[in-house]
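Everything below concerns the one structure shown next.
A, B, ... follow the sequence lines: proteins, then strands. Residue 1 opens every chain.
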Amino acid sequence: MSVSTSQALEYLQGLPGMTQAKLYTQPSAALAIFRRMLPHLAKTIVMAMLYMPKPFPATDLDLWLRPDARRYATMHRDLAMSVLESLHIITTAQEKQGPKAYSLSKDFAKSLKNALTGGGNHSSFGVPINDHDRQEVSIAFLDDYARTQWETILYYMVGSAGTAIAGNHSISSGTKTLLSIGGFVEMKLNRTVITQTGFTFLLQEVNAQVWSLLIVYLENAPTLNMDEVDVLSFLFMLGSLELGQAYSTANLTATQQHMLDDLNDFGIIYRKNVQSSRFYPTRLATTLTSDAGALMSESSSFQNALRSGSESKGYIIIETNYRLYAYTTSLLQIAVLNLFTRLSTRFPNLVSGKLTKESIQRAISYGITSDQIISYLTTHAHPQMQKTVPILPPTVVDQIRLWQIEGDRMRATPGFLMQGFDLNAYTDVSNYAEALGVLVWKSDAKRSFFVSKIDQISAYIKGSQKGKKGE
Amino acid sequence: MPRATKGVLIQADASIKAILVKIDSEQHNAFIIEDLDDETLVVKEGKLAELQQRLKDKLKDTIKEAEDSGSD
């Protein structure tokens, strides 16, 4: 599961059960969640349960686990079940005296069946318009449109507001407000200044960026009198549309009609004008719920990069003496480099500069991490550099890390300190925490340990206590 | 009975940790929840930023930055 979809998953898990239930009545939403958000084992469980007429006893689920791999398998099952339960896809039905059993949410099951078999009468996957448009909209055009819109937003964030790139593409006041609500930028003395969250956002993969922005959009939907469920199901629908195909706006709800304008601003969909009765999803939309690279992420979709010209190929060369040369004319890319490089000269197709302790530490003080810088440089490395292994000179990579360590001398991990166990429970629970990968620190002498996440641990402790009482 | 305490785990060199403990005692124990060992502490979540800032200020006084040649 990629970073971008896990973000969306976290958001979904935080929604109230009612909202989730409403969402599941849309086959496209059910399919998108099933396909892209669930862990693999959860998918298997859902698939197995889909056509079961009766609730599924918990003891039967245990039988599926191989006894020789029980510990490992139990952990994965717990993870899968906790995701499914927090999404309310699976509910635990426990009758008096009867054994514990699971059942699949009715709405979810029905929608997923419809989505898989193509049954039902719904327009959840969009209504395509097949008649010929007077002006043909090509895929290349859509890519270009999406890239321009999205880059404009990013460029605005880097803090050069006011000077629009390449002509008259400016971002709307709605988008500006959204960026400041999301905490990506803040206004200081009438100037837009990027924040720490904004930097993290900027260095993410495009797909993750889109989701981050859309989640802010979703969180603010109620204040704009928009129905959260409508917004979400529209987004999931967009994820299932086909690139280059026109879709009708006729069957959309009022909320969704309103969204079209905003999404048009983001470059997620394209409309010729506000009255147009058709819209085209761009690559930003169709990759919302898929693994395929969105249009500007050079590393993941190389073909795409080839098609869209030299701009999106790697362009950065770094020498072992920390000098950096970037073959680019894009103001956005230059602005991003300027965040952590001391740029000295600019030529028509090249900027050059140097990574210095000062420039890296300045970036770190903004909240960019050394790993983010390194991964940015790696993914955008010039094709000539990508031929070598490792791609970046090791001295430079090490030095960037050292500069960061020099800045922060302590490692901080938010979480929970667990204390007060007897010996057996301590060993058992701390091993479980370690297997889950949430254990940060432990002390055998004090019988205490520190975990970064507590949900599964507390469930595990409760479970083992119940087991003891039963004995 | 097991119990969980919410906080931020700080892992640092023994020397840095000693400075943190000193800051805490100067500020009437405003930061530290639990002193675990020579290199580990748990501090209050809301106070982390302030603690980091105070540590930075302290270090500025004690450590001299090596001069950067800065030649291009």
ask   = Does OH belonging to Tyr327(A) count more than 12 external heavy atoms closer than 6.0 Å?
value = no
remark   = So, the part of Ile10(B) with a heavy atom under 4.5 Å from chain A: the answer is both
query = For the residue pair Ala4(B) and Ile454(A), what are the closest heavy atoms and their distance?
reply = CB-CD1, 3.5 Å
query = Quick one: CD on Gln419(A) to CD on Glu34(B), what's the gap to the nearest 0.5 Å?
reply = 4.5 Å
task = Let me know if Leu41(B) has heavy atoms under 4.5 Å from chain A in its side chain, its backbone, both or neither.
result = neither
task = Taking the side chain as every heavy atom from C-beta outward, state whether Trp441(A) and Asp37(B) have any atom pair closer than 4.5 Å.
result = yes
inquiry  = If I measure from the heavy atoms of chain B, does Thr413(A) come under 4.5 Å with its side chain, its backbone, both, or neither?
reply    = both
note = Per-residue tally against chain A (heavy atom, under 4.5 Å) across Glu39(B), Lys6(B), Glu45(B), Gln11(B) peaks at Gln11(B)
inquiry  = Looking at chain B, which one of Phe450(A), Phe421(A), Tyr426(A) has the largest number of heavy-atom pairs inside 4.5 Å, strictly under?
reply    = Phe450(A)
note = Bottom line for Thr40(B): the part with an atom under 4.5 Å from chain A's heavy atoms is side chain
query = Where does Ile33(B) contact chain A at under 4.5 Å (heavy atoms): side chain, backbone, both or neither?
reply = neither
